[in-house]
Amino acid sequence: MGFLTGKTVIITGAGKATLSNGKCGSIGYGIATAYAKEGANIVITGRNVQKLQDAKEELERLYGIKVLPVQADVNAGADNEAVVQNVIKQTIDTFGDIHVLINCAQASASGVTLADHTTEQFDLAVYSGLYATFYYMKACYPYLAKTKGSVINFASGAGLFGNFGQCAYAAAKEGIRGLTRVAANEWGKDGINVNIICPLAWTAQLENFEKAYPDAFKQNVKMPPMGHYGDVEEEIGRVCVQLASPDFKYMTGETLTLEGGMGLRP
């Protein structure tokens, strides 16, 4: 029995993805695995139903927990508040409460320069990342205030450093970073712990980015000083578990940066 047994976590963008070496290749799925090992009830969302079902099957089989997969796609053409409210309703109907919200869903057209970016490509990043985070935080707020829960959002070095070919992605992530700081200040009085992580994790998406845009990859993706990229479960996922621990409640009102998947800096 883990210390999160009986707790419920919503993780956006948590469909199963696999690296070429067979290891977990999605930040969301790595986080879900780390939470499953601590006994949490898990709600996973994403656009691809098959990836969600694959994640549910493996997590329930390996760790004996319950997983609720909900297809959800926040985009420029959707009734996004209704999309998110459906996730929240199914979560409450199934598990009764929400203790942790983790926003890591994000789509983008990486490798496309600012001058060549289309409005549709810009919307893709902003809606799937920034707007999704906004809608989920608003919808979960009353439940997190009740449970004195936690919010963990994801930004990126792309915004911090202005990565080549990632204008929309960087804009979305910087918006999420600002949103997180405001929530940390506004929601601290409610006992809600709000943090943000800026990881450099080796994912299937990054692996594909290297293959599709090798020049942009070389310009933007630098090997961390410790000589390896962050492991999505053991480093990124375990940090997310730690941030949901009661021991971290004193961090309310702060933001944390996970530098290259290697450590925490307040």
Side-chain angles (χ1 to χ4, degrees), residues 1-72 87 90-91 94-95 98-107 132 136 149-154 156 193 195-208 224 228-248 256 258 260-264:
M1 297 281 284
F3 79 90
L4 292 174
T5 297
K7 306 295 185 181
T8 299
V9 54
I10 296 176
I11 308 170
T12 71
K16 186 179 178 183
T18 306
L19 294 169
S20 58
N21 63 6
K23 293 191 67 176
C24 179
S26 153
I27 289 178
Y29 189 63
I31 295 169
T33 300
Y35 271 78
K37 289 181 176 180
E38 294 296 339
N41 300 314
I42 300 172
V43 180
I44 54 174
T45 76
R47 293 181 292 176
N48 188 305
V49 174
Q50 187 58 56
K51 289 182 178 180
L52 294 175
Q53 289 295 334
D54 290 346
K56 169 185 169 66
E57 187 280 326
E58 185 163 286
L59 291 172
E60 291 187 337
R61 174 173 52 82
L62 292 178
Y63 306 111
I65 48 91
K66 186 168 184 180
V67 178
L68 172 66
V70 185
Q71 196 277 338
V87 175
Q90 290 198 48
T91 299
T94 303
F95 297 120
I98 301 168
H99 300 85
V100 184
L101 168 66
I102 301 176
N103 288 298
C104 61
Q106 180 71 65
Y136 275 101
S150 300
V151 176
I152 303 166
N153 292 332
F154 275 78
S156 171
N193 197 32
N195 288 287
I196 193 159
I197 294 174
C198 299
L200 180 52
W202 190 247
T203 65
Q205 187 176 30
L206 194 59
E207 191 173 61
N208 292 335
H228 72 280
Y229 299 104
D231 183 282
V232 292
E233 180 204 337
E234 295 178 3
E235 292 169 318
I236 313 302
R238 293 309 303 176
V239 166
C240 289
V241 166
Q242 190 176 24
L243 290 175
S245 165
D247 294 339
F248 263 78
L256 298 177
L258 183 62
M262 301 304 130
L264 284 173

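In this structure, S26 and A17 approach most closely via the heavy-atom pair CB-CB, 3.7 Å. For the residue pair I11 and C104, the shortest heavy atom distance occurs at CG2-SG, 4.1 Å. Scanning all heavy atoms of the two residues, the minimum distance from A105 to G13 falls at CB-N, 3.6 Å. Pairing each heavy atom of E234 with each of D231, the nearest pair is N-OD1, 2.8 Å. Taking every heavy atom of both residues into account, A244 and S150 meet most closely at CA-OG, 3.9 Å. Annotation for Y35 and C240: closest pair OH-O, 2.7 Å, computed over non-hydrogen atoms.
In this structure N103 satisfies the side chain to side chain donor-acceptor pair (under 3.5 Å) test together with N153, sequence neighbours excluded.
Using a distance-only test at 3.5 Å, with no hydrogens or angles considered, a donor-acceptor pair links the side chain of E207 to the main chain of S20. Between the side chain of H99 and the main chain of G149, no donor-acceptor pair closer than 3.5 Å is present. A donor-acceptor contact shorter than 3.5 Å is absent between the side chain of T203 and the backbone of I27.
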Only distances under 3.5 Å count here; give the side-chain donor-acceptor pairs of residues 60-69 to other protein atoms, sequence neighbours excluded, each with its distance to 0.1 Å.
unit_1 : atom_1 : unit_2 : atom_2 : d
E60    : OE1    : K56    : NZ     : 3.3
E60    : OE2    : K56    : NZ     : 2.9
E60    : OE2    : V67    : N      : 2.9
R61    : NE     : E57    : OE2    : 2.8

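With values rounded to the nearest 0.5 angstrom, I44 atom CD1 is found 12.5 Å from I102 atom CD1. To the nearest 0.5 angstrom, I98 atom CD1 is 5.5 Å from T91 atom OG1. Rounded to the nearest 0.5 Å, atoms CZ (F3) and OG (S245) are 5.0 Å apart. Note that CZ of R47 is 11.5 Å distant from OG1 of T12, once rounded to the nearest 0.5 Å. Atoms CG and CG, from N193 and L243 in turn, are 7.0 Å apart once rounded to the nearest 0.5 Å. Rounded to the nearest 0.5 Å, atoms CG (N21) and CH2 (W202) are 10.0 Å apart.
None of K16, E58, E233 except one satisfies the side chain to side chain donor-acceptor pair (under 3.5 Å) rule with Y29; the exception is E58.
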Test side-chain contact (heavy atoms from CB on, under 4.5 Å) applied to L52 and T45, step by step: CA-CA 7 Å; L52 294 175; T45 76; 5.5 Å; no
What's the verdict on side-chain contact (heavy atoms from CB on, under 4.5 Å) for Y136 and V151, showing C-alpha distance, side-chain angles and the deciding distance? CA-CA 10 Å; Y136 275 101; V151 176; over 6 Å; no
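Taking the side chain as every heavy atom from C-beta outward, Q71 and Q53 never approach each other to under 4.5 Å. Side-chain contact between V232 and I31 is absent, with no heavy-atom pair separated by less than 4.5 Å.
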